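The structure appears right after this line, and notes come after that.
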Amino acid sequence: MNPKTSPATVHAWIPASGHGLRHAGIHFDAVRIAGVLAEQVAYELMQFTDFQAGPIVREATGRRYMYFLLPPQSVTGYRWPAGARALGRDAQGWAYVGVPALGGLTWPLEWRSEPTSEVPFVEVELLREVVGRLISAAR
């Protein structure tokens, strides 16, 4: 991997091995979506961005959440529909998100889409548009 374009140089909060908990609202904000809807959102973002969607973390257990990582303090300005939970720094408490390393054993977390120096975060407006459209279509 080229050290100049390595995602580890983009974000110091990506662990060197395994996975670690990171405080949402400090390093990044996140939108958490579960199951099939999360897979659909990730798929559409990846297709629309030519597979450069920004950081998306996928859980392999439980409700199979996906965490779409956004720039810090970016989710509070938006009303997110039911099915998408905004995680950031707000009065509702503290939220932590598991972040996997870029390689090695990271189970039960994995990158669905890695950050790059060109796309260090998921674009908030694009995520919001895709989530809103897919949730509206499901009703």
Side-chain angles (χ1 to χ4, degrees):
M1 189 178 291
N2 182 347
K4 287 187 176 186
T5 60
S6 168
T9 61
V10 175
H11 299 301
W13 44 261
I14 296 174
S17 63
H19 56 272
L21 290 177
R22 301 295 185 254
H23 186 204
I26 301 291
H27 306 291
F28 52 78
D29 281 359
V31 172
R32 182 181 77 187
I33 304 172
V36 173
L37 176 61
E39 291 290 343
Q40 290 174 321
V41 170
Y43 175 80
E44 293 224 2
L45 285 175
M46 297 291 285
Q47 290 294 312
F48 186 80
T49 62
D50 197 26
F51 297 91
Q52 297 293 314
I56 303 170
V57 175
R58 176 171 39 199
E59 286 183 348
T61 60
R63 298 210 46 211
R64 298 188 184 265
Y65 286 116
M66 274 198 212
Y67 297 86
F68 299 82
L69 306 185
L70 312 166
Q73 286 83 51
S74 62
V75 296
T76 56
Y78 299 94
R79 179 170 274 154
W80 295 88
R85 180 166 179 221
L87 304 172
R89 257 181 123 169
D90 61 16
Q92 295 179 9
W94 296 58
Y96 292 88
V97 174
V99 176
L102 294 171
L105 183 60
T106 63
W107 191 87
L109 302 175
E110 65 182 359
W111 288 105
R112 173 67 171 92
S113 174
E114 293 181 359
T116 64
S117 57
E118 294 82 21
V119 187
F121 294 104
V122 173
E123 189 202 313
V124 181
E125 286 292 332
L126 179 59
L127 176 63
R128 194 165 163 266
E129 187 274 322
V130 169
V131 168
R133 185 171 37 79
L134 290 174
I135 288 176
S136 293
R139 291 181 184 167

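Keep in mind it's a predicted model, so treat the numbers as computed, not measured.
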Give, for atom [atom1] of [X] and atom [atom2] of [Y], the distance between the pair rounded to the nearest 0.5 Å.
{"X": "E110", "Y": "R58", "atom1": "CD", "atom2": "CZ", "result": "4.0 Å"}
{"X": "W80", "Y": "R85", "atom1": "CH2", "atom2": "CZ", "result": "14.0 Å"}
{"X": "I33", "Y": "E39", "atom1": "CD1", "atom2": "CD", "result": "11.0 Å"}

Would a single hydrophobic cluster contain both [Y] and [X], if residues Ile, Leu, Val, Met, Phe, Trp and Tyr are joined by side-chain heavy-atom contacts under 4.5 Å?
{"X": "L87", "Y": "V99", "answer": "yes"}
{"X": "I26", "Y": "W13", "answer": "no"}
{"X": "L134", "Y": "Y43", "answer": "no"}
{"X": "L127", "Y": "L69", "answer": "no"}
{"X": "W94", "Y": "L21", "answer": "yes"}

Inset, instruction - Output, in order, the C-alpha distance, side-chain angles, deciding distance and verdict of side chain to side chain contact (heavy atoms under 4.5 Å, CB included) for V124 and V75. - result: CA-CA 8 Å; V124 181; V75 296; 5.8 Å; no

Taking all atoms of both residues into account, what is the closest heavy-atom pair of [X] and [Y], and its distance?
{"X": "G83", "Y": "L37", "result": "O-CD2, 4.2 Å"}
{"X": "G18", "Y": "P15", "result": "O-CG, 4.4 Å"}
{"X": "A24", "Y": "V97", "result": "CB-CG2, 4.4 Å"}
{"X": "G98", "Y": "V57", "result": "O-CG1, 3.6 Å"}
{"X": "P115", "Y": "P120", "result": "CB-O, 3.7 Å"}
{"X": "R128", "Y": "R79", "result": "NE-O, 3.9 Å"}

Inset, instruction - Applying side chain to side chain contact (heavy atoms under 4.5 Å, CB included), run through L45 and F68 and close with a yes or a no. - result: CA-CA 10 Å; L45 285 175; F68 299 82; 3.7 Å; yes

When you measure from the side chain of [X] to the backbone N and O of [Y], does any donor-acceptor pair fall under 3.5 Å?
{"X": "S113", "Y": "G54", "result": "yes"}
{"X": "D29", "Y": "S74", "result": "yes"}
{"X": "R112", "Y": "M66", "result": "no"}

Inset, instruction - Could you list all the ring pair (Phe, Tyr, Trp, His ring centres under 6.0 Å) pairs where at least one residue sits in residues 103-139, not counting sequence neighbours? - result: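 Checked against ring pair (Phe, Tyr, Trp, His ring centres under 6.0 Å) - neighbours excluded - the pairs reaching residues 103-139 are H11-F121.
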
Inset, instruction - Applying side chain to side chain contact (heavy atoms under 4.5 Å, CB included), run through L70 and V31 and close with a yes or a no. - result: CA-CA 8 Å; L70 312 166; V31 172; 3.6 Å; yes

Inset, instruction - Describe, in one word, how the ring planes of Y67 and Y65 are oriented to each other, choosing from parallel (under 30°), tilted (30 to 60°) and perpendicular (over 60°). - result: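 The arrangement is tilted - the two ring planes meet at 30° to 60°.
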
Inset, instruction - Not counting sequence neighbours, which residues clear salt bridge (charged side-chain N to carboxylate O under 4.0 Å, His left out) with R133? List them please. - result: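 If we apply the salt bridge (charged side-chain N to carboxylate O under 4.0 Å, His left out) test to R133, skipping adjacent residues, the hits are E44, E129.
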
Legend entry - Those residues that, when tested against R32, pass salt bridge (charged side-chain N to carboxylate O under 4.0 Å, His left out) (two or more places apart):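 R32: no salt bridge (charged side-chain N to carboxylate O under 4.0 Å, His left out) contacts found.
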
Legend entry - Under-4.0 Å salt bridge between E59 and R64: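 So E59 does not pair with R64 through a salt bridge.
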
Inset, instruction - Determine, step by step, whether T116 and Q52 satisfy the side chain to side chain contact (heavy atoms under 4.5 Å, CB included) criterion, reporting the C-alpha distance in whole Å, the side-chain angles of both residues, the deciding distance to 0.1 Å, and the verdict. - result: CA-CA 8 Å; T116 64; Q52 297 293 314; 3.6 Å; yes

